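The model shown is predicted, which means the values in this text are computed figures rather than measured ones. Below, chain A is the first sequence line, B the second, and so on; all start at residue 1.
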Amino acid sequence: MRPDDPYSPEVRLRFANPVNALPLKGAYPVALSAAASMPGEICEIQFSAGIEHGRIAEIGFRALACPHVIAAADFLCSELRGLAVSAFATVWTNKLMAALSIPEEKTGRIFLLEDALTSLGEQYAAEHEMG
Amino acid sequence: MRPDDPYSPEVRLRFANPVNALPLKGAYPVALSAAASMPGEICEIQFSAGIEHGRIAEIGFRALACPHVIAAADFLCSELRGLAVSAFATVWTNKLMAALSIPEEKTGRIFLLEDALTSLGEQYAAEHEMG
Amino acid sequence: MSADAIYLDYAAATPPAPEVQEFMQALLMSTGGTANAAATHLAGRQAARSIEIARGQLAELLHTTPGRLVFTSGATESDNLAIQGAAHARAHRGRHLVTMQTEHKAVSDTFRALEKAGFEVSWLPPDANGRLDERQLTAALRADTQLVSVMHVNNETGAIQDLAAIGAICRDRDVLFHTDAAQSVGKMDIDLSAVPVDLLSLTAHKFYGPQGIGALYIADRPGCQILPLMHGGGQERRLRPGTLPVHLVAGLGAAASLARQKMDDDHAHVSSLRARLWEGIRRVEGVRETLPESVCYPGILNVSVAGVEGESLLLALEPLCVASGSACNSQSGEPSHVLRALGLDDISIQSAIRFSFGRGTTAEHIEEAVRRYMQAVARLRDIAGDARAA
Amino acid sequence: MSADAIYLDYAAATPPAPEVQEFMQALLMSTGGTANAAATHLAGRQAARSIEIARGQLAELLHTTPGRLVFTSGATESDNLAIQGAAHARAHRGRHLVTMQTEHKAVSDTFRALEKAGFEVSWLPPDANGRLDERQLTAALRADTQLVSVMHVNNETGAIQDLAAIGAICRDRDVLFHTDAAQSVGKMDIDLSAVPVDLLSLTAHKFYGPQGIGALYIADRPGCQILPLMHGGGQERRLRPGTLPVHLVAGLGAAASLARQKMDDDHAHVSSLRARLWEGIRRVEGVRETLPESVCYPGILNVSVAGVEGESLLLALEPLCVASGSACNSQSGEPSHVLRALGLDDISIQSAIRFSFGRGTTAEHIEEAVRRYMQAVARLRDIAGDARAA
Ligand SMILES: Cc1ncc(COP(=O)(O)O)c(C=O)c1O
Ligand SMILES: Cc1ncc(COP(=O)(O)O)c(C=O)c1O
């Protein structure tokens with residue numbers, strides 16, 4: 001990141017081409033969806049995931065948000081795809097902040113992503129493990 | 001005078017080459033000398049004149065003063081040479097200010113020249129007309 | 001900067017005109033152009049002469065006399081000098097001041113500081129067209145009112161105020177009238193021999209002059225006195241001490257002279273660009289012109305759009321260089337107080353983009369801006385999908 | 001200006017170094033070098049980057065960190081910001097301030113304004129070498145003293161003060177210490193990581209940078225807080241609002257970087273020039289060196305001479321560009337308060353000439369200056385003849 005650029009190359013790349021900004025395509029045994037938003041700010045995020053054999057087979061996002069959140073959501077989807085659903089419960093914020101060189105003042109918004117994932121995880125647990 | 005130059009070409013010329021900044025040379029039937037100075041300032045002026053047949057045959061000055069006063073004294077000597085002694089009583093200030101484009105704030109110093117000339121005239125009157 | 005950047009932020013800063021650049025460069029290479037103008041020697045007098053020539057050029061642009069102009073470091077300083085200076089100079093007569101809610105921070109923050117110092121300030125709202133309602137002004141004036149400050153052209157929206165009408169009301173009540181004309185000087189004709197303005201702020205880098213130099217006009221009439229902010233070498237009639245920056249002052253003068261020559265052409269040029277730009281982007285669904293051209297200086301077009309996040313919009317518009325709200329606020333992240341005063345909701349405000357253009361802008365730049373704006377909005381709406389706000 | 005002018009007024013203004021000029025010119029021709037550094041777009045970020053690079057260069061010169069530096073329009077503004085700002089910020093603790101009789105007007109006039117505003121100021125005299133007697137300083141400090149301001153190098157005489165000693169006394173008593181270092185920054189090494197200075201003023205055009213830009217250093221320690229003079233866009237940590245002039249700030253940075261490289265050579269150069277100049281003119285009868293080189297920055301030589309009128313001396317010296325007293329006072333015509341405080345009589349003061357030189361001065365310039373000075377004095381004494389004062 002150049003000192004005069006608030007966006008790291010990783011953020012710029014993902015923002016320019018967010019490959020995971022997709023509605024969920026295809027049919028999955030379990031289809032989850034969770035949204036989160038920041039009160040008083042334009043920051044809305046939604047994840048949709050397809051689960052197969054306890055793994056995240058497919059995941060996509062939608063976001064009306066700042067470039068950092070869009071890039072982070074896109075990054076998250078790429079990371080999560082193929083992992084076990086337990087990954088929804090991972091603490092992602094620090095990893096995201098570091099990997100994308102996100103400035104500190106955006107921490108609150110990045111937490112939002114974690115919140116949405118947590119909620120996906122909870123949904124899965126509620127619907128399938130406990131059910 | 002260029003707007004950025006406090007000295008007119010006339011002042012510059014006479015200051016650069018004050019042809020009348022001389023002690024009185026030669027012997028004259030009447031030799032006069034008068035000085036004037038400005039209290040609290042470095043402004044001292046002295047005229048010496050030789051009078052022949054009621055005319056100013058020769059006149060020179062000495063000055064420890066600013067460029068305007070030096071130029072004006074030099075100009076005055078040139079003007080006075082050859083005139084009747086009555087010219088000592090002439091009001092010179094306006095003519096000097098105009099001819100040399102002297103700025104107004106120097107008026108007080110230019111009056112000084114007039115004072116010195118008046119005093120030459122009075123000296124002449126005291127010594128020769130009345131005497 | 002990447003070569004393909006398209007600069008559409010002329011309201012934040014105009015690049016100095018080539019003529020101005022060349023003139024400054026020549027001065028910077030000369031002894032007379034880099035000397036101290038307070039020195040009495042040859043080089044100093046040459047410097048002083050450059051400064052007086054520039055003062056004359058600026059006076060001509062504003063239809064006033066050179067003696068009325070004091071050079072400062074820019075409009076911020078001029079605003080502070082005028083407002084603090086007048087408020088303090090007249091404090092013994094009264095401590096009530098009047099301004100608008102839509103002023104630049106250099107004005108509004110100064111009034112806020114005066115409030116803390118015991119002055120009382122009335123903050124008048126704009127009407128739907130961004131203008132001051134003159135009846136509101138008349139109603140706000142009191143026996144102890146000393147100063148009214150209303151900007152000429154708004155830096156975010158381009159809204160124009162009627163200086164003649166406001167000035168007349170102030171004169172009538174013996175109240176000083178200050179106007180921040182940073183956005184209009186050199187772009188619209190301001191005739192100070194006719195318009196009753198007492199104090200007028202300007203800055204060179206908004207009309208193709210250099211950054212770091214501005215001026216304050218101070219009318220020559222009884223009661224129009226101000227106190228200085230700074231003390232020192234006695235320059236600028238003791239109102240603004242400090243070595244005068246010769247190349248900057250001369251650059252300001254050259255820019256003023258150029259502006260006088262080019263004003264009509266410049267105005268026609270930006271008018272046609274604005275029309276073209278709006279014609280292009282109005283096709284985007286949910287886009288809104290903050291104020292119509294009829295009430296604005298046409299070098300500025302402020303638009304908002306539904307369903308798009310502002311920071312992402314700005315990044316998606318790169319390499320267009322445009323402003324989100326005022327350049328002076330853009331780093332703070334707060335929603336623009338100007339757009340709020342106009343009644344825009346925070347969602348619209350955060351999506352607002354100010355396009356501003358000038359001499360160097362071409363029709364191609366505008367076409368490219370239209371194309372990129374449409375593309376950016378479409379792409380972001382695509383990313384937002386269902387998450388998209390109504 | 002006539003081609004044969006010889007510029008010996010480096011203490012009033014140094015011409016910008018060619019490197020600085022070229023750098024500024026390049027910026028003026030680029031979008032990033034003329035944009036508003038507060039804007040978040042590409043061009044604005046480029047501008048902001050140029051500014052932060054410059055801040056780093058200046059920080060390196062002063063052995064401090066960039067965050068401690070606030071850009072201003074010059075030393076006059078820095079002095080006002082520091083002195084007014086500190087006095088008002090600490091007024092609740094006490095209203096006693098200390099300075100010297102030999103300060104630049106940007107400092108002394110500011111203190112005089114504070115006196116009118118209800119502060120009490122102690123004006124300490126210099127000793128015969130122009131220096132502050134530290135015992136006098138210690139004696140002047142009171143329980144309610146808040147600020148001491150003593151300049152580093154005097155602009156008329158070159159006298160150097162001992163910042164370390166003064167600063168130590170101030171630290172000891174929890175009094176802020178401001179120094180106007182306009183004449184020393186870039187010319188003498190100032191190590192702000194070691195010398196206990198709280199506030200330091202500087203201006204670029206005294207060290208081969210452009211006019212119209214300066215800075216204030218503000219130490220990072222408790223109690224070292226100041227209030228701003230102006231309000232506005234929030235730039236420079238809210239201490240100094242207004243669009244930052246990119247090319248000027250960058251020019252200052254480049255000048256700082258150059259000064260760091262050249263400091264030793266520059267110093268040796270002016271030392272040898274001063275010696276040569278004094279060696280030449282000391283032969284004139286009645287000439288007096290105001291202060292000896294041993295207590296001065298050697299880029300300045302102040303001399304007075306008996307039996308000569310000062311204004312005529314200046315004109316007779318043309319085309320030498322030299323100063324009569326301080327350039328900041330030269331238009332007022334008052335005898336220099338600095339030379340008076342050193343005990344010179346008014347007759348000597350009015351004849352005083354300040355020669356000051358720098359990078360562009362050659363041995364030939366100095367020889368020519370010697371020749372012209374001797375000639376001018378002789379010619380004027382000739383014109384004075386008997387009228388000549390003792
Ligand atoms: C010691 C000193 N302080 C302050 C100043 C003022 O600097 P500026 O004119 O850049 O404001 C000067 C020079 O003019 C100076 O020599
Ligand atoms: C209306 C208005 N006033 C004041 C300013 C401040 O001008 P400057 O940054 O030159 O001090 C600006 C621009 O930044 C402006 O647009």
Side-chain donor-acceptor pair present, D/S73, C/R240, cut-off under 3.5 Å: yes
Is any side-chain heavy atom of D/D79 closer than 4.5 Å to one of D/E103? no
Select one option (side chain, backbone, both, neither) describing which atoms of D/L81 are under 4.5 Å from chain C's heavy atoms. neither
Counting distance only, does the side-chain N/O of C/S324 pair as donor-acceptor with the main-chain N or O of C/I353 below 3.5 Å? no
Would you mind checking which part of C/E311 comes under 4.5 Å of any heavy atom in chain D, side chain (CB onward), backbone (N, CA, C, O), both or neither? neither
Please state whether the side chain, the backbone, both or neither of C/L28 comes within less than 4.5 Å of a heavy atom of chain D. both
Assess, by modelled atom type and distance only, whether the side chains of C/S201 and C/H178 contain a donor and an acceptor separated by less than 3.5 Å. yes
To the nearest 0.5 Å, what is the distance between OG1 on C/T34 and CD on D/Q21? 8.0 Å
Chain D contact via C/L244 - side chain, backbone, both or neither, heavy atoms under 4.5 Å: backbone
Measuring heavy-atom distances to chain C, does D/L229 have an atom under 4.5 Å in its side chain, in its backbone, in both, or in neither? both
Can you find a side-chain donor-acceptor pair between D/D9 and C/H41 that sits under 3.5 Å? yes
Mark yes or no for whether D/S351, through its side chain, and D/G310, through its backbone, hold a donor-acceptor pair below 3.5 Å. no
Can you sort out the partners of D/E318 under salt bridge (charged side-chain N to carboxylate O under 4.0 Å, His left out), two or more places apart, ordered by chain and number? B/R12, C/R45
Residue-level interface, residues 207-214 of chain D with chain C, non-hydrogen cut-off under 4.5 Å: D/P210, D/Q211, D/G212
Does any heavy atom of chain C fall under 4.5 Å from the side chain of D/L248, the backbone, both, or neither of them? side chain
What part of D/V20 gets closer than 4.5 Å to chain C, counting heavy atoms only: side chain, backbone, both or neither? neither
Looking at D/P228, D/A35, D/G74, which has the largest count of heavy-atom pairs under 4.5 Å with chain C? D/A35
Atom group of D/N80 that falls short of 4.5 Å from chain C, counting heavy atoms: side chain
C/R359 (side chain) donor-acceptor with C/T14 (main chain) under 3.5 angstrom: no
Hey, does C/S30 have a side-chain heavy atom less than 4.5 Å from the side chain of C/L27? yes
With a 4.5 Å cut-off on side-chain heavy atoms, are C/L314 and D/T40 touching? yes
Chain D heavy atoms under 4.5 Å from C/V246: which part of the residue, side chain, backbone, both or neither? both
Side chain from CB out, backbone as N, CA, C, O: work out which of these in D/M24 comes under 4.5 Å of a heavy atom of chain C, or both, or neither. side chain
